[in-house]
Number of protein chains: 2
Amino acid sequence: MESRIEKIKQQLQSQGFKLTPQREATVRILLENEQDHLSAEEVYMLVKDIAPEIGLATVYRTLELLSELHVLEKLNFGDGVARYDLRSDDNHHHHHHLICVECGSVKEIKEDWLLPLEDRLFREFKFKVIDHRLDFQGICSECAEKHSGNETSLNDQPSA
Amino acid sequence: MESRIEKIKQQLQSQGFKLTPQREATVRILLENEQDHLSAEEVYMLVKDIAPEIGLATVYRTLELLSELHVLEKLNFGDGVARYDLRSDDNHHHHHHLICVECGSVKEIKEDWLLPLEDRLFREFKFKVIDHRLDFQGICSECAEKHSGNETSLNDQPSA
DNA sequence: CTGGGTGCAAAAGGTTTGCATACCC
DNA sequence: GGGTATGCAAACCTTTTGCACCCAG
């Protein structure tokens, strides 16, 4: 964890930015909650616990800056707020999301299953892929278990 | 086109809603611009030409209603506005987007390349897919041509 | 001193809501 | 009349911006 902070510090400094206490606190929160996809507001709430004087605007500015440095990825699941996700390495961020329409949980899959498709896109459409975004909406295993026993067809539309 | 409006009218009526002149005008705009991914504001501007008295709120309410009926899909490309896309059939909406990071164009691919992956998700993660969303960011063929001649590596990060 | 960084409050921009009015069975 | 639908304006919410102040080199 310290080494990851150190690395981010170097990334900042290499561009002339500083790892201020506020930024460090923000990064720590992101590291501690790496599995979640926190919104700016959520990050703010958590950061306030360890750096009470911080302002929301600073959190936004930090998240924006880290996104530009490709330390974070800014995500949008369509719920009206931007969410942020640490990138594990700097150039490839090919993971996928499983979004449960029942409980709202978001699970991350680290593998990249799309390389063959990206090749095909280039061949068929001359479209050179830089990054992609793949989200699946469906029913997670936990929610599916709650249903076991009734006969709900999983092909039905969810009642949204 | 008239038959598609008729079908939407029936979908509305089956749920106790009406196809009012404002809603019909909105649907016509969506049909006429099926290839684009219009924002609410853009729909509003276009609808005003054929139904000048309409209000923005009505457009939002219509778009929301049609999304609930699965006539439209509400999309978010991360540019701060929701966009809307007509669904060609009611249960399967498996298409993909090619988003050019240079010119911002969005091209739609109608095929579904992900069925094998969805099977795999169910086998490996017990996750039952209902729908998915796949967007590729990259360089479209038009923009790539503008670059032909210089040596820009397409593996470079775009300057965002 | 200079440049980046911060907090606060205000502004911005997209979307939603309250309400009085209008329409239709 | 009861329910749905509409236009307008106000409210909302997330995000951005302006500005005075602060800190490190």
Side-chain angles (χ1 to χ4, degrees), chain A residues 8-29 37-69 71-84 160, chain B residues 8-29 37-69 71-84 160:
Chain A
I8 290 168
K9 181 177 181 180
Q10 287 166 11
Q11 287 181 263
L12 284 166
Q13 290 180 339
S14 72
Q15 309 283 311
F17 302 112
K18 301 162 190 170
L19 184 63
T20 62
Q22 291 93 331
R23 287 181 183 162
E24 180 171 340
T26 303
V27 169
R28 284 187 188 279
I29 292 301
H37 299 80
L38 300 177
S39 67
E41 197 83 25
E42 288 165 348
V43 172
Y44 177 56
M45 295 303 186
L46 293 167
V47 172
K48 281 200 92 137
D49 291 342
I50 59 178
E53 76 294 348
I54 200 172
L56 220 205
T58 299
V59 171
Y60 271 104
R61 284 185 281 229
T62 300
L63 294 173
E64 181 64 26
L65 177 60
L66 293 177
S67 295
E68 280 168 18
L69 294 180
V71 170
L72 296 180
E73 185 179 17
K74 192 174 181 177
L75 299 173
N76 200 315
F77 293 122
D79 59 353
V81 294
R83 299 182 174 280
Y84 298 85
Chain B
I8 290 168
K9 181 178 182 181
Q10 287 166 11
Q11 287 180 265
L12 283 165
Q13 291 180 339
S14 72
Q15 309 282 312
F17 301 113
K18 300 163 193 168
L19 183 64
T20 63
Q22 290 91 333
R23 287 181 183 162
E24 180 170 338
T26 302
V27 169
R28 283 187 188 280
I29 291 302
H37 299 80
L38 299 177
S39 67
E41 198 83 27
E42 288 166 346
V43 172
Y44 177 57
M45 295 304 184
L46 292 168
V47 172
K48 282 199 89 135
D49 291 342
I50 59 177
E53 76 295 350
I54 200 171
L56 220 205
T58 299
V59 171
Y60 272 104
R61 284 186 281 232
T62 300
L63 262 15
E64 182 63 28
L65 177 61
L66 294 177
S67 295
E68 281 167 20
L69 294 180
V71 171
L72 295 181
E73 185 178 18
K74 192 174 181 175
L75 300 173
N76 200 316
F77 293 121
D79 58 352
V81 295
R83 300 183 173 279
Y84 298 85

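Each chain gets a letter, A, B and so on, in the order the sequences are listed, and its residues count up from 1.
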Can you list, pair by pair, the side-chain donor-acceptor contacts under 3.5 Å of residues 59-67 of chain B, counting residues two or more places apart and other chains?
from: B:Thr62; atom 1: OG1; to: B:Thr58; atom 2: O; distance (Å): 2.8
from: B:Ser67; atom 1: OG; to: B:Leu63; atom 2: O; distance (Å): 2.9

(request) Specify the separation, in whole Å, of atom CE of B:Met45 and atom C1' of C:dG14. (result) 13 Å

(message) Checking B:Lys48 now: which residues fulfil side chain to side chain donor-acceptor pair (under 3.5 Å) with it, not counting sequence neighbours?
(response) B:Tyr44

(message) If the condition is salt bridge (charged side-chain N to carboxylate O under 4.0 Å, His left out), which residues does A:Asp79 pass it with, not counting sequence neighbours?
(response) A:Arg83

(request) Would you grab the first and last nucleotide of DNA chain D (5' to 3') that comes under 4.0 Å of any non-hydrogen atom in chain A? (result)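 So the outermost contacting nucleotides come out as D:dT14 to D:dG18.
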
(request) If a pair satisfies salt bridge (Lys or Arg N to Asp or Glu O under 4.0 Å) and one of its residues is in residues 9-24 of chain B, list it, with sequence neighbours excluded. (result) B:Glu24-B:Arg28

(message) With a 4.0 Å cutoff (strictly under), does any side-chain N or O of B:Tyr60 reach OP1 or OP2 of C:dT16?
(response) no

(request) Let me see the working for A:Val81 and A:Glu41 under side-chain contact (heavy atoms from CB on, under 4.5 Å), right down to the final yes or no. (result) CA-CA 9 Å; A:Val81 294; A:Glu41 197 83 25; over 6 Å; no

Separation of [Y] [atom2] from [X] [atom1] (nearest 0.5 Å):
X       : Y       : atom1 : atom2 : answer
B:Leu19 : B:Thr26 : CG    : OG1   : 9.5 Å
B:Ile29 : B:Leu46 : CD1   : CG    : 5.0 Å
B:Leu69 : B:Ile8  : CG    : CD1   : 9.5 Å

(request) Go along nucleotides 3-10 of chain C 5' to 3' and tag each nucleotide: B for a protein heavy atom under 4.0 Å from its base, S when only backbone or sugar atoms are that close, - otherwise. (result) B-SSBB--

